[in-house]
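Below: one structure, written as structure tokens.
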Amino acid sequence: MSQSSSLGSDTQLQNLINRGLNGDSTANDDLLAHACERLLRLTRKMFHAYPSLRRWEQTDDVFQNSMLRLHDALAAKQVTSVRHFFNLAGLQIRRELIDLGRHHYGPQGAAKKHHTDHQPSDNQDGALYDQADEPEDLTSWSEFHAEVEKLPEEEQEVVNLLYYEGLSQEESAELLGISISTVKRRWHSARLKICEALSSERTE
């Protein structure tokens, strides 16, 4: 996504949010429709890195559940900015993934009885962990996303934008009104904390 297209998208999102703030009852539906393509693309990207999960769930089902969560969240809480919307959307995706992992890989989960070969993902802008730190066979799937919930707010917000929303570091810096170096620092700190927490859980 180019910077100019990102700016145009952010402007569209803010216009939709403003409609909702002004009492337009159709604004939330249009807001969801605008976010639909991005969320579907991101869920497919996440599932590509986790073949184990595709054994038990269809990507589009997870996408639909995330959209339902976001729909309910928008009905319960009015967003006031693009930044607010992205944080809310990231939270709903994360909660869906946490519940999914607990369902299939918890103590009673059927997936615990099966094995799928580990296939690490590339460590790009939106990769939260190095290959060696990636959750193994998704047994740490819920814990991984739960660790994001424990991050300080400013780091969690950067994770929301880079990982759950798929923005670049440049786009995230512009949206947050901070420097790219600050985004990189928060991103590095968040990745380090998550990797250390997961490593600690494995050795306990």
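Below, all heavy atoms of this structure are taken into account, side chains as well, without hydrogens, waters or symmetry copies. Along the sequence shown, the residues carry numbers beginning at 1.
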(message) When you compare the side chain of D24 with that of D30, does any pair of heavy atoms fall below 4.5 Å?
(response)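 Not in contact.
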(message) Is there a side-chain contact between V158 and Y163 in this structure, where contact means two heavy atoms from C-beta onward sitting under 4.5 Å apart?
(response)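 V158 does not reach Y163 side chain to side chain.
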(message) Is there a continuous path of hydrophobic side-chain contacts, each under 4.5 Å between heavy atoms, that joins L21 to L31?
(response)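 Yes, L21 and L31 fall within the same hydrophobic cluster.
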(message) If hydrophobic clusters are built by linking Ile, Leu, Val, Met, Phe, Trp and Tyr wherever their side-chain heavy atoms come under 4.5 Å apart, do L91 and I194 end up in the same one?
(response)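 In one cluster: no.
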Ignoring hydrogens and geometry, is there a side-chain-to-backbone donor-acceptor pair from [X] to [Y] under 3.5 Å?
X: Q156; Y: V148; answer: yes
X: H84; Y: T80; answer: yes
X: S172; Y: S168; answer: yes

(message) Heavy-atom count check: over 12 atoms from other residues, nucleotides or ligands less than 6.0 Å from K193 NZ?
(response)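 Yes.
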(request) Report yes if the distance between the aromatic ring centroids of H145 and Y164 is under 6.0 Å, otherwise no. (result)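 Yes, the ring centres sit under 6.0 Å apart.
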Give the minimum heavy-atom separation between [X] and [Y], together with the two atoms involved.
X: S66; Y: Q92; result: O-CB, 4.3 Å
X: L70; Y: A89; result: CD1-CA, 3.9 Å
X: F86; Y: L161; result: CB-CD2, 3.6 Å
X: M67; Y: L32; result: CE-O, 3.5 Å
X: F85; Y: V79; result: CA-CG1, 4.1 Å

(message) Run the side chain to side chain contact (heavy atoms under 4.5 Å, CB included) test against D29 and tell me which residues pass, sequence neighbours left out.
(response)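 Per chain and number, D29 pairs via side chain to side chain contact (heavy atoms under 4.5 Å, CB included) with H71.
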(message) Pair R19, T26 - check side-chain hydrogen bond (donor to acceptor under 3.5 Å, both in side chains), show working.
(response) CA-CA 8 Å; R19 280 173 48 193; T26 66; 2.9 Å; yes
(request) Tell me, with the steps shown, if N87 and E157 meet side-chain hydrogen bond (donor to acceptor under 3.5 Å, both in side chains). (result) CA-CA 6 Å; N87 281 331; E157 189 168 39; 2.8 Å; yes
If you measure from [atom1] on [X] to [atom2] on [Y], what distance do you get to the nearest 0.5 Å?
X: E170; Y: I180; atom1: CD; atom2: CD1; value: 4.5 Å
X: K184; Y: I178; atom1: NZ; atom2: CD1; value: 12.5 Å
X: N65; Y: R95; atom1: CG; atom2: CZ; value: 15.5 Å
X: L192; Y: W187; atom1: CG; atom2: CH2; value: 13.0 Å

(message) Between D99 and R94, does any NZ, NE, NH1 or NH2 come within less than 4.0 Å of an OD or OE carboxylate oxygen?
(response)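 Here R94 does not pair with D99 in a salt bridge, since their nearest N and O are not under 4.0 Å apart.
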(message) Between E155 and R186, does any NZ, NE, NH1 or NH2 come within less than 4.0 Å of an OD or OE carboxylate oxygen?
(response)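 Salt bridge: no.
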(message) Once side-chain hydrogen bond (donor to acceptor under 3.5 Å, both in side chains) is applied, do any residues pair with N28, and if so which ones, sequence neighbours excluded?
(response)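 N28 satisfies side-chain hydrogen bond (donor to acceptor under 3.5 Å, both in side chains) with no residue once adjacent residues are dropped.
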(request) Output all residues satisfying side-chain hydrogen bond (donor to acceptor under 3.5 Å, both in side chains) with S179, sequence neighbours left out; order by chain, then residue number. (result)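 Residues passing side-chain hydrogen bond (donor to acceptor under 3.5 Å, both in side chains) with S179: S181, T182.
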(request) Decide whether N18 and Q14 meet the rule of one side-chain donor and one side-chain acceptor closer than 3.5 Å. (result)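 Yes, because at least one side-chain N or O of N18 sits under 3.5 Å from a partner of the opposite role on Q14.
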